[in-house]
Number of protein chains: 2
Amino acid sequence: MSVTQPVRSPRRRAPRNSLNADRILDAAIRLLDCHGAEAFTMRALAQQLGVGTMAVYSHFRGKDEISDAVAQRLLDTIELPPAGSGDPRAELREVCLGVYRLFSEHPSALQLLTLRPMRGDDAISVIDRMLGLLCEAGLSRTEAARAHVALMQYTVGSALWNTRRARALCDDGVRDRVRAKIDALPSDRYPSLVSLAPELMRVQENGAAQYERGLDAMVEGLLGGR
Amino acid sequence: MSVTQPVRSPRRRAPRNSLNADRILDAAIRLLDCHGAEAFTMRALAQQLGVGTMAVYSHFRGKDEISDAVAQRLLDTIELPPAGSGDPRAELREVCLGVYRLFSEHPSALQLLTLRPMRGDDAISVIDRMLGLLCEAGLSRTEAARAHVALMQYTVGSALWNTRRARALCDDGVRDRVRAKIDALPSDRYPSLVSLAPELMRVQENGAAQYERGLDAMVEGLLGGR
DNA sequence: ACCTGAACACCGTTCAAGT
DNA sequence: ACCTGAACACCGTTCAAGT
């Protein structure tokens with residue numbers, strides 16, 4: 001009997017035009033979400049697409065261009081709340097939560113954004129919406145700009161913080177090591193930390209709830225009694 | 001005439017014990033601050049130390065261990081304000097500014113922290129100090145823990161945001177490209193963004209000032225009238 | 001045009017060897 | 001013990017070639 005199907009097929013030539021930018025970006029996002037930024041490799045990407053490594057280069061100039069396109073696509077999927085509720089404060093909260101949710105659901109996208117330098121590809125509609133709401137809430141032009149930047153910084157920082165924490169905790173035995181380190185702390189030198197360690201842990205257990213509390217505080221501080 | 005000194009010296013064997021953990025960390029930080037995280041390479045590090053690549057491995061298990069040690073050392077250099085001024089709110093501000101300054105002065109350290117998963121090596125004394133001040137300001141245990149996390153998240157987010165922005169702007173022509181992109185934006189679709197673009201730019205020009213404004217807002221929101 | 005493998009210049013790290 | 005170069009398994013990307 002002749003071997004009609006080789007055991008280790010050297011992969012047949014991929015059919016013409018079966019590859020395109022969208023399929024590549026889908027695969028990239030899947031790779032990033034499932035296996036993290038360090039698994040996002042040109043070779044892994046091509047393999048997941050069932051194609052030779054260099055096939056991808058027919059559709060993108062290189063890895064950087066793919067990274068930017070991934071970031072762009074993800075930023076565009078941020079869901080905005082319906083407009084015109086008459087409560088700019090509540091709407092503002094929802095917009096921020098939308099941004100936070102995206103980064104929480106796609107942690108490696110956040111990593112990607114921090115790695116690649118900034119480009120003009122920000123989430124335009126999100127920015128516009130936030131600025132509009134801040135003005136509507138009674139802030140001056142400069143105050144609105146300041147408030148917007150502050151809210152974005154807090155949101156990005158929170159998502160990043162939680163991502164890092166989650167990555168560490170799902171790792172083996174890190175949780176125990178941290179716990180041991182805290183227990184070993186001299187309570188006369190670090191009284192507040194030792195005393196509040198349980199609260200510190202508990203509060204970070206639910207990242208989204210913690211984010212909302214901080215968000216409320218920041219919005220309160222920014223809008224005040226207005 | 002015989003060649004006594006070869007043109008390209010193959011580097012003499014480094015004298016015994018001339019290398020140690022501290023010298024390695026110094027070189028690593030210099031490398032990170034001067035040439036960015038992507039230039040932080042085992043080979044570059046060894047070359048800067050005038051030593052074979054593998055010599056470093058006699059003092060650290062690998063690159064990850066060096067990264068962690070660098071982060072640890074930098075976190076320990078955060079300057080805390082003198083205690084007992086009787087104004088916890090002002091002291092809290094100073095502590096946060098100290099953290100912000102460290103990350104602004106060592107941007108690649110921040111990148112390092114976001115890359116490496118979290119460990120128990122946080123800035124213990126900073127955390128303890130902040131928690132103490134928050135309690136002193138009248139917050140409950142849980143509120144203090146929440147406030148501390150929120151402040152750290154905002155601080156990290158701000159530093160990261162500015163770092164990214166700075167890296168992009170010092171690059172060639174990115175500034176013009178962003179400006180052009182904004183000018184091309186349809187002002188009927190993004191009225192607030194188009195209108196407030198100058199303020200958005202201006203406000204981010206001075207990252208530290210912007211950080212302080214947001215910090216004041218967050219502290220106000222967290223501590224309220226207390 | 002789209003896709004291919006071989007090859008190049010990097011990277012972190014293992015290993016056996018020198019002193 | 002401390003330091004060395006060669007070698008290994010990766011990486012992104014260039015290139016000449018196939019269809």
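No experiment lies behind these values; they were computed from the predicted model shown. Chain A is the first sequence line, chain B the second, and so forth, proteins listed ahead of strands; every chain is numbered from 1.
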- B:M201 side chain near B:I182 side chain, heavy-atom distance below 4.5 Å: yes
- Atom CZ of A:F60 and atom P of D:dT13 are separated, to the nearest Å, by 13 Å
- Task: Let me know the distance between CD of B:Q47 and P of C:dC10, rounded to the nearest Å.
- Result: 11 Å
- Query: Under the side-chain hydrogen bond (donor to acceptor under 3.5 Å, both in side chains) criterion, do A:D68 and A:Q72 qualify, and how do the steps go?
  - Reply: CA-CA 6 Å; A:D68 289 336; A:Q72 184 59 67; over 6 Å; no
- Task: Report yes if a side-chain nitrogen or oxygen of B:Y57 is closer than 4.0 Å to either non-bridging phosphate oxygen (OP1 or OP2) of D:dC3; otherwise report no.
- Result: no
- note: A:L45, atom CG; D:dC11, atom C1'; distance rounded to Å ~ 14 Å
- Lys NZ or Arg CZ of A:K63 over A:Y57 ring: under 6.0 Å, within 45°: no
- Task: Please tell me if the side chains of B:R189 and A:S125 come closer than 4.5 Å, counting only heavy atoms from C-beta onward.
- Result: no
- Query: Between atom CG of A:L134 and atom NE2 of A:H148, what is the distance when rounded to the nearest 0.5 Å?
  - Reply: 8.0 Å
- Message: If I take atom CZ in residue A:R61 and atom P in nucleotide D:dT14, what distance separates them, rounded to the nearest angstrom?
- Response: 10 Å
- Task: Taking the side chain as every heavy atom from C-beta outward, state whether B:F103 and B:L74 have any atom pair closer than 4.5 Å.
- Result: no
- Take B:V95 and B:I78 through the side-chain contact (heavy atoms from CB on, under 4.5 Å) test and state the conclusion after the steps. CA-CA 9 Å; B:V95 174; B:I78 295 175; over 6 Å; no
- Message: Hydrogens and angles aside, do B:N206 and B:Y211 bring a side-chain donor and acceptor to less than 3.5 Å of each other?
- Response: no
- Task: Provide, to the nearest angstrom, the distance between the NE2 atom belonging to B:H59 and the P atom belonging to D:dC2.
- Result: 7 Å
- Using purine N1 to pyrimidine N3 plus N6-O4 or O6-N4 for Watson-Crick, or N1-O2 and O6-N3 for G-U wobble, each under 3.5 Å, what pairs with C:dA16? D:dT4
- Query: Which nucleotide sits closest to the side chain of A:K63: C:dT13, D:dT13, C:dC2?
  - Reply: D:dT13
What are the atom names and distances for every N/O pair under 3.5 Å that joins the protein to nucleotides 15-19 of chain C?
| unit_1 | atom_1 | unit_2 | atom_2 | d |
| --- | --- | --- | --- | --- |
| C:dG18 | N2 | B:R13 | NH1 | 3.2 |
| C:dG18 | N2 | B:R13 | NH2 | 3.3 |
| C:dT19 | O2 | B:R16 | NH1 | 3.3 |

- Message: Distance check needed: C:dG12 C1' versus B:L115 CG, whole Å only.
- Response: 15 Å
- Item | Validation row: A:N162, A:S104 side chains within 4.5 angstrom (heavy atoms) | no
- Note on the structure: When rounded to whole Å, the CG to C1' distance for the pair A:L49 and C:dC3 reads 13 Å
- Message: Using a 4.0 Å cut-off on heavy atoms, which residues in residues 30-43 of chain A reach DNA chain D? List them by number, or say none.
- Response: A:F40, A:T41, A:M42, A:R43
- Between atom CG in B:N20 and atom C1' in D:dC3, what is the gap in whole Å? 14 Å
